[in-house]
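Taking it in order: structure first as structure tokens, then the write-up.
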Number of protein chains: 2
Amino acid sequence: MKLSTRGRYGVKAMFDLALNFSGEPVSLKSIAERQGLSEAYLEQLMAGLRKAGLVKSVRGAQGGYMLSTSPDKITVGEIIRSLEGSMAPVDCVIENEETDCEKAEYCVTRLVWERIRDSINQVVDSITLQDMIDDYKRLHQRKAEKEG
Amino acid sequence: MKLSTRGRYGVKAMFDLALNFSGEPVSLKSIAERQGLSEAYLEQLMAGLRKAGLVKSVRGAQGGYMLSTSPDKITVGEIIRSLEGSMAPVDCVIENEETDCEKAEYCVTRLVWERIRDSINQVVDSITLQDMIDDYKRLHQRKAEKEG
DNA sequence: TTAAAACCAAGTAAATTACTCGGTTTTATT
DNA sequence: AATAAAACCGAGTAATTTACTTGGTTTTAA
């Protein structure tokens with residue numbers, strides 16, 4: 001039940017874009033540097049996020065990426081699902097997908113997988129990039145106080 | 001974020017043991033047949049469940065496995081964690097384990113992973129094998145009514 | 001014109017998964 | 001005592017997935 005680097009890096013990158021949300025595009029190079037990620041690999045992830053409509057890109061010199069909308073309208077769930085697919089713990093329980101298992105209708109374990117899936121979706125869909133920014137500010141304010 | 005076959009088969013096998021909870025041991029062969037799983041592979045899983053104290057084994061002819069305690073005292077969470085390890089979506093957030101990430105204390109994404117982990121744990125720890133048996137009975141009663 | 005950037009497709013080494021295989025030991029039954 | 005059923009154990013392995021890299025091309029501001 002681990003997230004792959006796609007989801008992990010994707011959330012980091014999107015959070016970086018959210019912190020730098022200003023109307024100006026942000027280059028992959030700078031995101032990669034700040035977040036300590038491979039630029040070439042990030043490129044692949046951004047392609048996924050762009051196809052999902054979560055980011056816009058600006059090509060050419062001084063180009064880069066920016067959130068397609070404000071941080072409070074983008075959830076962690078949308079980010080992860082666009083990069084990793086459904087959060088369903090088992091394939092037979094992927095949203096809006098038929099299962100080929102003929103026992104599905106009376107399958108008890110299936111009910112368990114559905115509950116896990118729903119609870120994961122509920123958390124990730126409830127956290128927006130703005131929430132992360134708020135957490136970030138709180139965390140760093142506390143850090144500043146602590147360090148005097 | 002998929003469960004591996006270890007967790008999936010493990011829950012199935014434990015549910016099978018719960019349905020057959022009587023004091024008599026149940027052979028791997030019969031579990032494998034009923035659940036449509038490989039006997040040799042199941043053996044590995046049972047070793048894990050035994051080490052975790054969730055099942056007891058009886059060796060020799062007419063031997064087999066049985067739940068170590070009643071179905072209402074065994075949760076899906078215990079089963080999955082004993083076979084797959086922590087449900088943490090990211091290593092830096094495994095319960096009772098130090099992370100080597102020095103930024104951890106002020107890491108925002110970490111807060112997200114913790115919330116996902118907690119919510120998964122909450123669901124799986126709230127579902128006992130007895131709950132699954134109850135669901136099973138409900139499901140099959142409804143099936144019987146439907147089929148007349 | 002140059003250089004910075006996004007875009008794209010394909011390749012690849014390493015790790016993980018989902019098993020199997022070939023035994024040994026234990027024990028109820030005959 | 002012999003047999004057979006069963007758990008126990010360690011190692012091996014094919015297939016798949018992951019986490020990238022490489023080598024380009026296209027676009028566009030300066």
Side-chain angles (χ1 to χ4, degrees), chain A residues 1-13 16-17 20 23-68 80 83-86 89-91, chain B residues 1-13 16-17 20 23-68 80 83-86 89-91:
Chain A
M1 284 289 282
K2 290 284 177 282
L3 231 43
S4 76
T5 53
R6 293 177 67 80
R8 280 195 280 138
Y9 296 178
V11 172
K12 280 198 168 194
D16 192 280
L17 283 181
N20 293 285
E24 293 294 293
V26 177
S27 74
L28 269 189
K29 193 179 177 182
S30 71
I31 302 177
E33 269 171 16
R34 273 191 300 271
Q35 303 295 326
L37 307 173
S38 144
E39 187 183 343
Y41 190 40
L42 253 191
E43 200 172 271
Q44 283 182 26
L45 309 189
M46 294 314 276
L49 295 167
R50 191 165 44 81
K51 275 168 201 154
L54 299 177
V55 298
K56 285 185 293 194
S57 65
V58 177
R59 300 189 66 168
Q62 309 309 114
Y65 293 91
M66 49 209 281
L67 298 184
S68 63
I80 297 179
L83 292 171
E84 306 220 353
S86 167
V90 163
D91 282 344
Chain B
M1 284 289 281
K2 289 286 177 282
L3 230 42
S4 76
T5 53
R6 294 178 65 81
R8 281 195 279 137
Y9 296 178
V11 171
K12 280 199 167 193
D16 191 280
L17 283 180
N20 293 285
E24 294 294 292
V26 177
S27 74
L28 269 189
K29 193 180 178 184
S30 71
I31 302 177
E33 269 170 16
R34 274 190 301 272
Q35 302 296 325
L37 306 172
S38 143
E39 189 182 341
Y41 190 42
L42 252 190
E43 203 172 86
Q44 284 183 24
L45 309 189
M46 294 314 276
L49 295 167
R50 191 165 43 82
K51 276 167 200 153
L54 299 178
V55 297
K56 284 184 294 194
S57 65
V58 178
R59 299 189 66 168
Q62 309 308 115
Y65 294 90
M66 48 208 281
L67 298 184
S68 63
I80 297 180
L83 293 170
E84 305 221 352
S86 167
V90 162
D91 282 344

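Below, chain A is the first sequence line, B the second, and so on; all start at residue 1. All values derive from a computational prediction rather than experimental measurement.
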query: Do B/Thr5 and B/Tyr41 come within less than 4.5 Å of each other through their side chains, counting heavy atoms only?
result: yes
query: Looking only at atom types and distance, does a side-chain atom of A/Glu84 sit under 3.5 Å from a main-chain N or O of A/Leu3, one as donor and one as acceptor?
result: no
task: Tell me, with the steps shown, if B/Ile80 and A/Met1 meet side chain to side chain contact (heavy atoms under 4.5 Å, CB included).
output: CA-CA 10 Å; B/Ile80 297 180; A/Met1 284 289 282; 5.6 Å; no
- prompt: Roughly how many Å is it from CG in A/Leu42 to P in D/dA19, rounded to a whole number?
  reply: 14 Å
Which nucleotide in D/dA6, C/dT20, D/dA19 has an atom nearest any side-chain atom of B/Gln44: C/dT20
query: Do B/Leu49 and B/Leu83 come within less than 4.5 Å of each other through their side chains, counting heavy atoms only?
result: yes
field: Residues touching DNA chain D, which here means a heavy atom under 4.0 Å, drawn from residues 50-63 of chain A
entry: A/Arg59, A/Gly60, A/Ala61, A/Gln62
- request: Could you check how far CE of A/Met46 sits from C1' of C/dA9, rounded to whole Å?
  value: 19 Å
Spatial distance of atom CD (B/Gln44) from atom OG (B/Ser38) [nearest 0.5 Å]: 8.5 Å
query: Side chain of A/Leu28: nearest nucleotide among D/dC20, C/dA6, D/dC8?
result: C/dA6
query: Within less than 4.0 Å of OP1 or OP2 of C/dC21, is there a side-chain N or O belonging to B/Tyr41?
result: no
- prompt: Could you state the NZ-P distance from A/Lys29 to C/dC7, rounded to the nearest angstrom?
  reply: 17 Å
message: Please give me the minimum heavy-atom distance between A/Gly53 and A/Ser68, naming the atom from each residue.
response: O-OG, 2.7 Å
message: Does C/dC19 have OP1 or OP2 under 4.0 Å away from a side-chain N or O of B/Tyr9?
response: yes
- request: Drop me the distance from B/Glu33's CD to B/Asp16's CG, to the nearest 0.5 angstrom.
  value: 11.0 Å
- prompt: Should A/Thr5 be listed as having a side-chain N or O under 4.0 Å from OP1 or OP2 of D/dT18?
  reply: no
field: Side-chain N or O of A/Ser38 closer than 4.0 Å to phosphate OP1/OP2 of D/dT21
entry: yes
- request: Whole angstrom is fine here: how far is it from NZ in A/Lys2 over to C1' in C/dT17?
  value: 15 Å
- prompt: In terms of the nearest nucleotide of DNA chain D, which residue is placed more toward the 5' end: A/Arg8 or B/Glu39?
  reply: B/Glu39
